[in-house]
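Since this is a predicted model, take the numbers as computed values, not measurements. As the structure lists them, so they are numbered: ligands from 1, and atoms in each ligand from 1.
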Amino acid sequence: MFVYYAVAVVAVLIIYYFIFAEDRSKEPPGPRPWPIIGNLLDIANASSDLTQTFGNLSEKYGEIFSIKVGMKRTVVLTSKEAMFTVIQHEAAMGRDRSGLFADRSFNKNLGIATGEGEIWEKSRVWMFKKLREYGFGKSMEMEHHIKDACEALFSQIDKDSKEHGVVETNHIFNAHIMTIMWQMMFGPLSSKDFADLTRISASSDDFVNSGVTGMGIINAFPFLRHICPRLLKYNVPMDFFNTCNDIAKKLFNEAKSRMKDLDVPTSLTESFVQNCKSDGDIIFNCENFQIMFQDLILGSTDTTSSYLESVVLYLILFPDIQEKIYQEILDVAPDNRFIEFSDRKKMIYTQAFLLESHRNGRTLPNFVPRRALYDFYYKKYIIKKDTMIMVDTRLYYEDKETWTDPEVFRPERFINENNEIFNASGIINFSVGKRNCPGELYANVTSFLFLTSLLQRYKISVPQGQPKPPMALSAGFALKPYPYQASFTRRV
Ligand code: HEM
């Protein structure tokens with residue numbers, strides 16, 4: 001009996017596949033999707049590596065192609081022209097708000113990273129304007145927090161070096177980087193804050209370590225998270241989101257009770273609370289605050305930390321390059337003073353190294369998926385309402401016409417004959433347009449200061465007797481090196 005049912009189901013699927021499949025002739029080309037599973041077989045067959053898969057499909061179908069990820073109609077953009085044109089289109093300002101994305105925000109349109117329309121726009125503008133008042137981007141104030149974070153990192157490196165002779169670099173930056181955003185949101189760190197930071201940091205590490213397979217399946221088939229949550233490790237990201245939400249709610253309520261006795265807010269959170277005047281306000285309410293807190297903590301921490309892990313990897317893989325940066329540091333600060341962000345103008349090679357690290361590290365190669373808010377066209381192709389829009393930056397960064405020798409790690413490609421930085425705009429890791437990454441400056445200041453203060457203090461190398469770690473990167477929430485160890489030898 002079972003065999004008859006199975007044959008009948010297969011027959012229906014084949015009839016659907018060849019006869020009833022919808023007309024997609026005006027959409028970007030791509031492999032024909034199967035009912036229910038879409039193109040998951042093409043994706044799985046092509047390669048286990050998503051960016052490789054997208055590259056293979058792009059070779060066959062061009063700079064823009066269609067796939068169905070489960071039931072979700074998706075277009076993938078692989079050329080700079082396609083990315084820049086589509087991503088900046090007003091119709092492409094939506095986000096995927098199904099499955100995990102919906103669950104993380106109480107099934108509501110909230111926050112910056114997954115919010116849409118008025119809520120997104122107003123939340124983003126308010127948050128980043130206010131952050132600037134509390135130090136964000138203002139060189140000296142933010143540098144002060146970064147300097148403290150570097151000191152804490154050095155203590156950890158010294159301790160690990162003393163105890164083990166080497167340092168495990170996996171996640172070494174995360175907790176320290178989190179403290180920078182924390183202080184801009186809540187003010188100076190207290191001992192209570194350290195307990196919260198440790199909780200968030202631990203659950204964020206679990207989230208990032210849990211891998212992307214389960215989340216990819218949930219993304220393709222959101223209903224499966226209710227059927228087999230444990231198998232798909234659905235609890236791991238949800239633990240992280242719930243931990244963030246609990247802590248944000250607690251801090252919101254604490255600020256609320258403080259504001260009863262205060263006229264002038266002393267932190268961003270108090271400022272937010274002061275604006276919460278009416279219950280129905282769509283921006284100034286506790287739930288929107290909780291989601292914005294998640295956006296900032298997750299948005300600023302894992303990205304910048306993964307990028308810095310790549311930076312340290314390139315330093316140990318290319319000791320000559322490390323030495324050149326160190327010489328530049330000595331030229332600018334022979335007395336070993338703390339290097340400031342304004343010093344970067346005199347540190348052309350260091351800047352070029354950081355750009356080349358972005359080109360190789362890519363960090364968020366698929367950006368954050370967008371959703372088409374209405375039908376629109378790219379060249380002759382229609383991108384229909386509710387289509388997911390993804391990018392893949394690898395082909396662009398490996399394009400020989402653009403980069404001549406993309407396979408070589410060569411900071412000099414960003415320096416012109418007048419010893420000035422050249423083609424910095426070739427780095428597109430922070431995306432473009434009005435929904436680009438609002439944390440670009442923060443990431444650049446943080447990575448510049450972490451790099452220079454690390455090299456002022458240590459010579460970093462592959463531990464003696466160990467093979468060089470691979471340059472290939474591992475995919476997770478962000479792209480980062482496979483775990484590796486490094487020796488940190490004190491210079492001063
Ligand atoms: C190396 C570090 C970073 C990289 C490579 C990176 C990259 C990105 C990318 C590609 C997007 C998606 C933009 C789009 O949809 O077009 C994004 C969004 C976002 N990033 Fe970053 N980011 C980094 C650091 C940061 C930092 C430090 C912060 C916070 C200060 C931050 C906060 C955000 C937020 C809130 C969004 C959502 C923006 C929106 O939807 O309007 N990011 N980031």
Mark up the atoms of ligand 1 that fall under 4.0 Å of a heavy atom belonging to [X], in ascending order.
X      : result
Arg95  : 14 (C), 15 (O), 39 (C), 40 (O)
Ser431 : 13 (C), 14 (C), 16 (O)
Arg124 : 38 (C), 39 (C), 41 (O)
Ala113 : 37 (C), 40 (O)
Asn429 : 5 (C), 7 (C), 10 (C)

Are Lys147 and Phe338 in a cation-pi contact, defined as NZ or CZ under 6.0 Å from the six-membered ring centre and within 45° of the axis?
yes
Could Arg95 and Trp120 be counted as a cation-pi pair, given that NZ or CZ must be under 6.0 Å from the ring centre and within 45° of the axis?
no
Can you report which non-hydrogen protein atom sits closest to atom 27 (C) of ligand 1, along with the distance?
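Of every protein heavy atom, Tyr442 CD2, 3.0 Å lies nearest to atom 27 (C) of ligand 1.
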What is the nearest protein non-hydrogen atom to atom 30 (C) of ligand 1, stated with its residue, atom name and distance?
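Among all protein heavy atoms, the one nearest atom 30 (C) of ligand 1 is Met181 CE, 3.3 Å.
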How does Phe367 reach ligand 1, if at all, at less than 4.0 Å between non-hydrogen atoms: by side chain, backbone, both, or neither?
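Both parts.
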Checking the N or O distance criterion of under 3.5 Å, is ligand 1 in contact with Ile112?
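Yes - when backbone and side-chain N and O of Ile112 are compared with those of ligand 1, one distance drops under 3.5 Å.
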Could you tell me whether [X] and [Y] make a salt bridge, using a distance below 4.0 angstrom between a side-chain N and a carboxylate O?
X      : Y      : result
Glu81  : Lys379 : yes
Asp103 : Arg225 : yes
Lys72  : Asp96  : yes
Lys256 : Glu270 : no
Asp295 : Arg124 : no
Glu116 : Arg97  : yes
Glu328 : Lys346 : no

Show the numbers, then the answer: is there a salt bridge (Lys or Arg N to Asp or Glu O under 4.0 Å) between Lys249 and Asp246?
CA-CA 5 Å; Lys249 190 172 184 175; Asp246 286 352; over 6 Å; no
For Phe241, give me all partners under ring pair (Phe, Tyr, Trp, His ring centres under 6.0 Å), at least two apart in sequence or on another chain.
Phe207
Do any protein N, O or S atoms sit under 2.8 Å from atom 21 (Fe) of ligand 1, and which ones are they?
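N, O, S partners closer than 2.8 Å: Cys437 SG.
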Can you tell which of Gln294, Arg435, Met93 gets a heavy atom nearest to atom 14 (C) of ligand 1?
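Ranked by closest heavy atom to atom 14 (C) of ligand 1, first place is Arg435.
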